[in-house]
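Have a look at the structure below, then the notes.
Note that the numbering runs from 1 along the sequence shown for the chain. Excluded from the calculations below are hydrogen atoms, water molecules and symmetry mates; all remaining heavy atoms, backbone and side chain alike, are included.
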Amino acid sequence: MKVVIVGGVAGGATAAARLRRLDEAAQIVVFERSGFVSYANCGLPYFVGGVIEDESELTLQTPESFRRRFNVDVRVHHEVTAIDPKAKTVTVRNLETGETFAQSYDKLVLSPGAKPISLGLSEPLPERVFTLRTVEDTLRIHNFVQQNHPKSVVLAGGGYIGLELAENLMRQGVQVTIVQRDDQLLLPLDADMAAYVHAYVRRHGVRLFLGHAVTGVQAGTDQVKVDLKNAPSLSADMAVLAVGVVPDTALAAQAGLALGAQGSIVVDAHMRTSDPDIYAVGDAVQVQNGVTGNPARIPLAGPANRQGRIAADNICGIGSSYRGSFGSSILQVFDMTVASTGLNARAAKAAGIDFDRVYLAPMDHASYYPGGQVMSIKVLFEKGTYRLLGAQIVGFSGVDKRIDVFATAMQAGMTAPQLKDLDLAYAPPYASAKDPVNLVGYLADNIATGKLQQFFWEEADTLPRDGSVTLLDVRTPGEYARGHIAGFRNIELDTLREHLGELPAGKPVYVHCQSGLRSYVACRILAQHGFICYNLSGGYRQYAAATAEREAAASAMPCGKEI
């Protein structure tokens, strides 16, 4: 059996290695148009910042090591330019010599990945304009920074790559401005969770221009000018385009393969395309969203590697199936950790799912043990069924393990209240006896059993101030003095019972504290004295973060000056 693989990164490299482990006699040929195979895309920004010092650490395998260990014929600088499904051949161009030749196959695996959106700029890009997708891109940025010592950069795009590169360029002394078309960074998050990230990166000196689309880049000898829609241009020493990627599916389209979401390649659960002898994996394929079951494109490294393995299994007669992508992801931004899995609120609404949510702000470990830090958690679940839909966490230590628990529970079909029963590891340096994941379960269970009724930060300013409802802040007087929601009366929780007679009977009470715990206790007191009580989910902390970002966004207009 002869298997040709187009693309030698992530899914393609995994498919090649798995094929060899399953079939020692197969002839396996990998064509990769760049000069590197099996490299760590996610590590590329850290070479620019000097965190990864050795260039060789970016590549997990070389063509030579792949050949020695797996007996796979890996050819870099070879671009597949056409597929003939009837003849079962691919046309290949050697980019070093210009030679073109045909290669036959029994089975073909497409792993072309995705390509950066270049805003209409032709290749090669101007000297001071960059994208970041390949090792060559990384070396180009690294060499430019080391040789030219730029003072400023405009990063077009506020996704994972943009933020990772922002941090690493700041390490090299470059002033960073991020321009993002949307009103927030990191679209897997909801805006009320992204607000914590915005505040944190601003504190580290990153300038944010949110809600502004980049329309073009003009490169000069000494600077570049980044043009914005309906706003003045920005000038800087360099520009990096990280506005997103599109699936690289020109080959698939030319071969007549079925295409789906955003032009991605349609595959079945076995990673087989509309041609039974052609498989496709990685960032270029359409997958099933694991929560909704709808077609989606979720370009992440973990799914690409699993897909490569599954394609190889099926080529060798093992009936492996891909269960869908849940979009689990994590990012380090300076010292902050940002993670998400499943659906956010926008995606749940788009899918027509009637959902509820909880916010909480627990410590990452036992509060009495030194060094604890607060993490902000938002969890979505379906109303009625309490099926877990997604989770978002912004914090520092311990974010990674909690998001993985949420991802595992969601994929296992657990409901939100069932999280309270998870038996999770506890020791003071690592967690509390009631882990943050358990706390989500307790909150959901209280909602399910009628012990907790919630209202949310975006409703707080719209509640009537005419006396028809009672607005109550049960934090300490000192907390109240440092900032409060207008119209909320301050009665500290520990004195609430003494003031019950002052609260108008028969009127709903809306209560908040700093994070939602003390106000829940207040609601339980009030409910047992005949009041209908609503607790602000996430407390004043969530309200302050979201409303502060709203005000910051309104004032952050580009001034048109050099940066």
Sequence-distant partners of Asp190, salt bridge (charged side-chain N to carboxylate O under 4.0 Å, His left out), two or more places apart: Arg346, Lys378
Polar contact flag, side-chain donor to acceptor under 3.5 angstrom, Gln218-Asp227: yes
Those residues that, when tested against Arg171, pass salt bridge (charged side-chain N to carboxylate O under 4.0 Å, His left out) (two or more places apart): Glu167
Derivation of the side chain to side chain donor-acceptor pair (under 3.5 Å) call for Glu459 and Thr462: CA-CA 5 Å; Glu459 302 172 89; Thr462 65; over 6 Å; no
Verdict with reasoning, Met410 to Val291, per side chain to side chain contact (heavy atoms under 4.5 Å, CB included): CA-CA 8 Å; Met410 181 173 59; Val291 182; 4.0 Å; yes
For Ala296, side chain to side chain contact (heavy atoms under 4.5 Å, CB included) partners two or more places apart: Asn289, Ile298
Side chain to side chain donor-acceptor pair (under 3.5 Å) partners of Tyr426, counting only residues at least two apart: Tyr368
Carboxylate-amine/guanidinium proximity below 4.0 Å for Asp364 and Arg402: no
Matching residue for Tyr510 among Trp457, Phe488, Tyr534 - test: ring-ring contact (aromatic ring centres under 6.0 Å, His included): Tyr534
Which atom of Ile377 lies closest to which atom of Val379, heavy atoms considered: CG2-CG2, 3.8 Å
Distance-only donor-acceptor check, side chains Tyr160 and Ser329, under 3.5 Å: yes
Those residues that, when tested against Thr341, pass side chain to side chain donor-acceptor pair (under 3.5 Å) (two or more places apart): Ser328
Within the 6.0 Å centroid threshold, strictly below: His512 and Tyr543: no
Test item: side-chain donor near acceptor, Gln262 and Gln286, under 3.5 Å: no
Non-hydrogen side-chain atoms of Val338 and Ile330 separated by less than 4.5 Å: no
Contact check, side chains of Tyr46 and Asn168, non-hydrogen atoms, under 4.5 Å: yes
Any side-chain donor near an acceptor of the partner, Gln454 and Ser537, under 3.5 Å: yes
Distance-only side-chain donor-acceptor flag, Tyr196 / Gln542, under 3.5 Å: yes
Any Leu163 side-chain heavy atom under 4.5 Å of Leu331 side chain: yes
pair Leu241-Pro116: side-chain heavy atoms closer than 4.5 Å: no
From Ser432 atom OG to Asn438 atom CG, the distance as rounded to the nearest 0.5 Å: 10.0 Å
Aromatic contact, Phe396 with Tyr200 (centres under 6.0 Å): yes
Qualifying residues under salt bridge (charged side-chain N to carboxylate O under 4.0 Å, His left out), relative to Glu382, sequence neighbours excluded: Arg387
Minimum heavy-atom distance Gly483-Arg475, with the two atoms named: O-NH2, 2.6 Å
Asp248 with Arg133: basic N within carboxylate O range, under 4.0 Å: no
Heavy-atom pair of closest approach, residues Gly162 and Leu155: O-CD1, 3.3 Å
Distance-only side-chain donor-acceptor flag, Ser376 / Arg541, under 3.5 Å: yes
Point-to-point distance, once rounded to the nearest 0.5 Å, from CG of Asn535 to CG of Leu517: 9.0 Å
Nearest heavy atoms of Lys401 and Ala431, plus distance in Å: NZ-CB, 4.2 Å
Separation between OG1 of Thr337 and CD of Gln332, rounded to the nearest 0.5 Å: 6.0 Å
Which atom of Ala361 lies closest to which atom of Ser515, heavy atoms considered: CB-CB, 4.1 Å
Candidate list Asp473, Leu463, Leu536, test side-chain contact (heavy atoms from CB on, under 4.5 Å), partner Ile485, passing option: Leu536
Residue pair His484 / Tyr480: nearest heavy atoms and the distance that separates them: ND1-O, 3.0 Å
Charged tip of Arg357 within 45° of Phe381 ring normal and under 6.0 Å: no
Asp192 versus Tyr359, side-chain donor and acceptor atoms under 3.5 Å: yes
Aromatic Tyr322 / basic Arg306 pairing, under 6.0 angstrom, 45° off normal: no
Aromatic ring proximity Tyr430/His365, centre distance under 6.0 Å: no
side-chain contact (heavy atoms from CB on, under 4.5 Å) partner of Leu228, chosen from Val154, Thr215, Val214: Val214
